[in-house]
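Have a look at the structure that comes next, please.
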Amino acid sequence: MTNIGIAMIGSGSATPSVSLDNHGLSQIVDTSDEWIASRTGIRDRRVADPHTTSLCSLAAAASKQAIAMAQVDPSEIDLIILATSTPDDLFGTASLIQAQLGATQAVAFDLTAACSGFIFGLVTAAQFIRTGAYKTVLLIGGDILSRWVDWSDRRTCVLFGDGAGAVVLQASESDRLLGFELRSDGTQNGCLNLAFQAQPHTLIEGVTVSQGTYQPITMNGQEVYRFAVRKVPEVIEKALFRADLTVDRVNWLILHQANQRIMDAVAQRLNIPSDRVISNLANYGNTSAASIPIALDEAVRSGKIQPGDVIAASGFGAGLTWGAAIFQWGI
């Protein structure tokens, strides 16, 4: 039996039209452009207008770009994976995207791994292709975190933005997913949460259920920083080992766009020059599962990333979860 590989043949991205820069945030909370930029590297972020923009609309727009670049018909897509923590519908949003795209043959489901979602989704999609179950997979990373931000908390509201990115993966004779490593540590779950808060509701005597809603994002920023700087270089090195590659073979490093200081520290520990680190954090902030595919798409469309380039990508975030994938762009 011939081994089946994976190629990444198309990318796309979409962000809301509404922009909220640091100066605008300073009208909401006690902060400044200098304070935010010096600590995070973020200067602007996009936020979804509730009347015009849904996760489904952003994801569909990004997907259409990726499908066009890949030169496939939506009817050829076998599987759609939506990596998100902020679905339009808690039962799932991937099927809504499937309908909008007209991908009538595709099965669709949501996957939740927070800011690691795109990497976890990439590895999940690869297993379906490698087993021969599916040939063409659309992988989307998308989040509307502005729905769940406490806009009075300057420690967190300065960080997050909205967006979606997508890639088309297809079965290939040569395997472009060279190696990966995925990790989780639930003992550190409390460092970053978007938690459900239950309100007891008595139905009849002796029968009480939980009613309530999810609470805004809470984060221990120092712990998350320490975790990322320690664990991300390690997981990238493990993925490189599995790919039988050394770090000098990496053309581009694409990290989850959470904090410029984290990205700088990870690159330094791996001895990857700053001109090989792709960053668009200043423009979009932390878009969770969308951050890596948006950065990838922009770098591909600008001509920075060329076919055959080796990319080390790593996501890290709530769970806590983290992971890395080493892949080559294009067929």
Side-chain angles (χ1 to χ4, degrees), residues 25 29 31 36 39-42 45-48 55 82-87 90 110-121 123 141-165 181-198 212-236 254-266 279 281 284-295 313-324:
L25 268 177
V29 290
T31 190
I36 299 168
R39 287 163 176 77
T40 68
I42 301 167
R45 73 279 299 142
R46 304 290 182 86
V47 292
L55 180 65
L82 170 65
T84 189
S85 301
T86 56
L90 203 53
D110 291 18
L111 177 153
T112 301
C115 302
S116 306
F118 181 78
I119 298 297
F120 278 49
V123 173
D143 273 298
I144 297 184
L145 290 172
S146 61
R147 292 170 171 169
W148 299 109
V149 167
D150 178 354
W151 291 100
S152 66
D153 179 6
R154 76 168 186 169
R155 296 169 301 175
T156 56
C157 75
V158 302
L159 300 174
F160 299 106
D162 303 336
E181 179 81 7
L182 304 179
R183 306 288 294 176
S184 299
D185 181 4
T187 66
Q188 297 190 76
N189 178 265
C191 293
L192 182 53
N193 294 110
L194 202 174
F196 181 83
Q197 184 171 315
T213 188
Y214 291 88
Q215 299 303 296
I217 296 166
T218 60
M219 183 173 74
N220 183 328
Q222 288 185 328
E223 283 301 314
V224 171
Y225 179 88
R226 281 196 284 265
F227 144 74
V229 170
R230 186 174 72 254
K231 293 296 189 180
V232 173
E234 179 185 284
V235 81
I236 292 171
I254 307 181
L255 300 176
H256 165 51
Q257 309 284 299
N259 184 305
Q260 191 61 48
R261 292 194 299 170
I262 292 175
M263 292 194 281
D264 292 343
V266 170
S279 173
L281 175 73
Y284 302 112
N286 178 345
T287 57
S288 191
S291 76
I292 292 173
I294 291 174
S314 179
F316 51 91
L320 293 177
T321 58
W322 66 105

**Prompt:** Is atom CZ of R230 surrounded by more than 12 heavy atoms (other residues, nucleotides or ligands) closer than 6.0 Å?
**Reply:**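 Enclosed.
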**Complete:** Residues Y214 and L90: closest non-hydrogen pair is OH-CD2, 3.9 Å
**Prompt:** Just how far is it from atom CZ of R155 to atom OG1 of T218, taken to the nearest 0.5 Å?
**Reply:**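 OG1 of T218 is found 9.0 Å from CZ of R155.
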**Prompt:** How close do V229 and A265 get, heavy atom to heavy atom, and via which atoms?
**Reply:**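 It is CG2-CB, 3.9 Å.
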**Item:** Donor-acceptor contact present, side-chain S116 to main-chain T321, <3.5 Å
**Value:**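 Checking the backbone N and O of T321 against the side chain of S116, a donor-acceptor pair under 3.5 Å is found.
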**Prompt:** Can you check whether A195's main-chain N or O pairs, donor with acceptor, with N193's side chain at less than 3.5 Å?
**Reply:** no
**Asked** Taking side chain as C-beta onward, heavy atoms only, is Y284 less than 4.5 Å from R46?
**Response** yes
**G121 versus L111, closest heavy-atom pair with distance** =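 Answer, listing the atom of G121 first, then L111: CA-CD1, 4.0 Å.
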**Item:** Side-chain donor or acceptor of N189 paired with backbone N/O of G319 under 3.5 Å
**Value:** yes
**Asked** Do you see a donor-acceptor pair shorter than 3.5 Å between the side chains of T84 and D143?
**Response**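 T84 vs D143: donor-acceptor pair found between side chains.
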**Message:** With rounding to the nearest 0.5 angstrom, report the CG to SG distance, D185 to C191.
**Reply:**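 Nearest 0.5 Å value for the CG-SG distance: 9.0 Å.
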**Prompt:** Would you say C115 and N286 make side-chain contact, with heavy atoms under 4.5 Å?
**Reply:**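 Yes; the side chains approach each other to less than 4.5 Å.
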**Asked** Do R45 and L25 touch side chain to side chain, with heavy atoms closer than 4.5 Å?
**Response** yes
**Request:** Walk me through it: do S279 and Q260 pass the test side chain to side chain contact (heavy atoms under 4.5 Å, CB included)?
**Result:** CA-CA 8 Å; S279 173; Q260 191 61 48; 2.8 Å; yes
**Item:** Within-4.5 Å side-chain heavy-atom neighbours: L182 and I119
**Value:** yes
**Request:** Kindly compute the distance separating CG (L159) from OG1 (T40), expressed to the nearest 0.5 Å.
**Result:** 6.5 Å
**Prompt:** Just checking, R261 and Y225: is the charged tip under 6.0 Å from the six-membered ring centre and within 45° of the axis?
**Reply:**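 Output yes; distance and angle both within limits.
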**Request:** Show your reasoning for whether side chain to side chain contact (heavy atoms under 4.5 Å, CB included) applies to H256 and S314.
**Result:** CA-CA 6 Å; H256 165 51; S314 179; over 6 Å; no
**Prompt:** Measuring from L194:CG to I217:CD1, what's the distance to the nearest 0.5 Å?
**Reply:** 5.0 Å
**Among I144, L145, T112, side-chain contact (heavy atoms from CB on, under 4.5 Å) partner for S85** =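 With S85 as partner, I144, L145, T112 yield a single side-chain contact (heavy atoms from CB on, under 4.5 Å), made by T112.
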**Message:** If I compare all heavy atoms of F118 with all of G141, which pair ends up nearest, and what's the gap?
**Reply:** CD1-N, 4.4 Å
**Request:** Please confirm whether the backbone N or O of R39 pairs with a side-chain atom of N259, one donor and one acceptor, at under 3.5 Å?
**Result:**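 Yes: the side chain of N259 pairs with the backbone of R39.
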**Prompt:** Can you check whether W148 and F160 have ring centres sitting under 6.0 Å from each other?
**Reply:** no
**Request:** Using a 4.5 Å cut-off on heavy atoms from C-beta on, say whether the side chain of S146 contacts that of W151.
**Result:**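 Yes, side chains in contact.
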**Point-to-point distance, once rounded to the nearest 0.5 Å, from CG of N220 to CZ of R226** =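 It is 7.5 Å, given to the nearest 0.5 Å.
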**Heavy-atom closest contact (A114 atom, A289 atom, distance)** = O-CB, 3.7 Å
**Prompt:** Do V29 and C157 come within less than 4.5 Å of each other through their side chains, counting heavy atoms only?
**Reply:**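 Yes; the side chains approach each other to less than 4.5 Å.
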**Nearest heavy-atom neighbours spanning L55 and P87** = CD2-CA, 3.8 Å
**Message:** Just so I know, are the side chains of I236 and L255 near enough to count as touching, which here means a heavy-atom distance under 4.5 Å?
**Reply:**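 With C-beta onward as the side chain, the pair touches.
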**Request:** Ignoring hydrogens and angles, state whether a donor on the side chain of Q257 or T287 is under 3.5 Å from an acceptor on the partner side chain.
**Result:**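 The answer is no; no qualifying pair exists.
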